[in-house]
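A short worksheet on the structure shown next.
Every number for a ligand or one of its atoms is a count from 1 in the order of the listing.
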Amino acid sequence: MNILILHGPNLNLLGTREPEVYGRVTLADINTRLEEYAAAHGAVLRILQSNHEGVLIDTLHEARGWAAGGIINPGGYTHTSVALRDAISAVGYPMIEVHLSNIHAREPFRHTSMIAPVCLGQIGGLGWLGYRLALEAMIDRLGGTH
Ligand code: CA2
């Protein structure tokens, strides 16, 4: 089963700054751990990080017909992007929203997600493990092998 993993803006900086908020693992570490989990559970990943809203949207579109589901950390676009939300709605395959930090325990502007209503669910506040748990949930939802 094919699963798209999208990392939004600034997540390429993970592990280099603000470790008290986002942890010490790098994006490369997270991707390696996800690839290992996917391989052990019969899933194939396509992983992309972009700082550009349009690239994230194009990637969602291009994965139509390939992806059975997806996982997205929309970064700051979580709180602002009608366009990203519309894209997730339009492509039709199930998505899970992930955040490293607990957005509900942070500044009020982070408490609202434009994205959550068009996702299967949202995981936040658990650091990198949230991605792995989202992957487990998606594989389970799609009828995986574990
Ligand atoms: O907690 C999350 O995963 C967020 O999606 C991260 C976004 C933030 O805007 C959301 O409200 C919550 C920010 C990503 C910035 O990542 C950095 C990583 C290292 C150093 C600085 C920023």
Side-chain angles (χ1 to χ4, degrees), residues 1-41 43-64 67-142 144:
M1 104 200 21
N2 297 332
I3 298 177
L4 178 66
I5 310 283
L6 287 179
H7 305 287
N10 298 307
L11 290 163
N12 53 309
L13 301 177
L14 277 181
T16 65
R17 300 178 51 202
E18 300 187 50
E20 66 288 354
V21 182
Y22 297 118
R24 292 188 184 279
V25 292
T26 66
L27 197 61
D29 293 332
I30 293 174
N31 290 341
T32 300
R33 292 171 193 189
L34 293 179
E35 290 281 17
E36 285 170 1
Y37 188 88
H41 293 83
V44 174
L45 304 184
R46 180 184 293 179
I47 305 179
L48 177 112
Q49 186 276 329
S50 179
N51 295 320
H52 304 277
E53 190 175 23
V55 173
L56 295 167
I57 292 168
D58 285 344
T59 304
L60 282 161
H61 291 181
E62 286 158 11
R64 273 177 303 176
I71 292 163
I72 185 166
N73 182 345
Y77 290 138
T78 305
H79 319 295
T80 63
S81 182
V82 174
L84 197 52
R85 173 196 178 122
D86 287 346
I88 291 170
S89 258
V91 295
Y93 50 82
M95 298 288 296
I96 296 175
E97 178 182 339
V98 170
H99 297 285
L100 295 157
S101 64
N102 178 357
I103 58 174
H104 303 288
R106 299 183 64 191
E107 305 95 321
F109 70 85
R110 295 187 203 275
H111 296 180
T112 300
S113 170
M114 301 295 296
I115 308 303
V118 293
C119 288
L120 275 181
Q122 183 193 64
I123 297 177
L126 304 178
W128 80 270
L129 185 61
Y131 283 95
R132 221 273 284 132
L133 295 171
L135 183 56
E136 180 178 352
M138 184 59 76
I139 291 170
D140 188 67
R141 169 60 69 113
L142 297 174

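- Where the criterion is an N or O separation shorter than 3.5 Å, residue side chain and backbone included, Glu18 fails it with respect to ligand 1.
- Looking only at heavy atoms of the protein, atom 2 (C) of ligand 1 is closest to Leu100 N, 3.4 Å.
- Between Arg106 and ligand 1, no pair of N/O atoms sits closer than 3.5 Å.
- Proximity of His99 to ligand 1, defined as any heavy-atom pair under 4.0 Å, is shared by backbone and side chain alike.
- Considering backbone and side-chain N/O atoms, Asn73 comes within less than 3.5 Å of an N/O atom of ligand 1.
- Residue contacts with ligand 1, taken as heavy atom pairs separated by less than 4.0 Å, involve Arg110 solely via side-chain atoms from C-beta onward.
- Contacts of Asn10 with ligand 1, taken as heavy-atom pairs under 4.0 Å, involve both backbone and side chain.
- Rounded to the nearest 0.5 angstrom, Ile3 CD1 and Ile71 CD1 are separated by 6.0 Å.
- A donor atom on one side chain and an acceptor atom on the other are found under 3.5 Å apart for Asp29 and Thr26.
- A distance of 6.0 Å separates CG of Leu135 from CG of Leu34, quoted to the nearest 0.5 Å.
- Considering only non-hydrogen protein atoms, atom 20 (C) of ligand 1 sits nearest to Arg17 O, 3.4 Å.
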Can you give the donor-acceptor pairs under 3.5 Å from side chains of residues 120-132 to other protein atoms, not counting sequence neighbours?
{"residue": "Gln122", "atom": "OE1", "partner": "His104", "partner atom": "NE2", "Å": "3.4"}
{"residue": "Gln122", "atom": "NE2", "partner": "Glu97", "partner atom": "OE2", "Å": "3.1"}
{"residue": "Tyr131", "atom": "OH", "partner": "His7", "partner atom": "ND1", "Å": "3.1"}
{"residue": "Tyr131", "atom": "OH", "partner": "Asn73", "partner atom": "ND2", "Å": "3.2"}
{"residue": "Arg132", "atom": "NH1", "partner": "Glu136", "partner atom": "OE1", "Å": "2.9"}

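- If you check the side chains of Asn51 and Gln49, you find a donor sitting under 3.5 Å from an acceptor.
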* Could you go step by step and tell me if Ile96 and Cys119 meet the side-chain contact (heavy atoms from CB on, under 4.5 Å) rule? -> CA-CA 5 Å; Ile96 296 175; Cys119 288; 5.8 Å; no

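- Ligand 1 has an N or O atom lying under 3.5 Å from an N or O atom of Ser101, backbone or side chain.
- In this structure, the protein non-hydrogen atom closest to atom 11 (O) of ligand 1 is His79 NE2, 2.7 Å.
- Listed by atom number, the atoms of ligand 1 under 4.0 Å from Ile103 heavy atoms are 12 (C).
- The local environment of CZ in Arg106 is crowded, with over 12 non-hydrogen atoms from other residues, nucleotides or ligands closer than 6.0 Å.
- At a heavy-atom distance under 4.0 Å, no atom of Val21 approaches ligand 1.
- For His52, the side chain to side chain contact (heavy atoms under 4.5 Å, CB included) partners are Ser50, Val55, not counting sequence neighbours.
- At a 3.5 angstrom cut-off on N or O pairs, Tyr22 does not count as close to ligand 1.
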* Full working for salt bridge (Lys or Arg N to Asp or Glu O under 4.0 Å) between Glu107 and Arg110 -> CA-CA 6 Å; Glu107 305 95 321; Arg110 295 187 203 275; 2.7 Å; yes

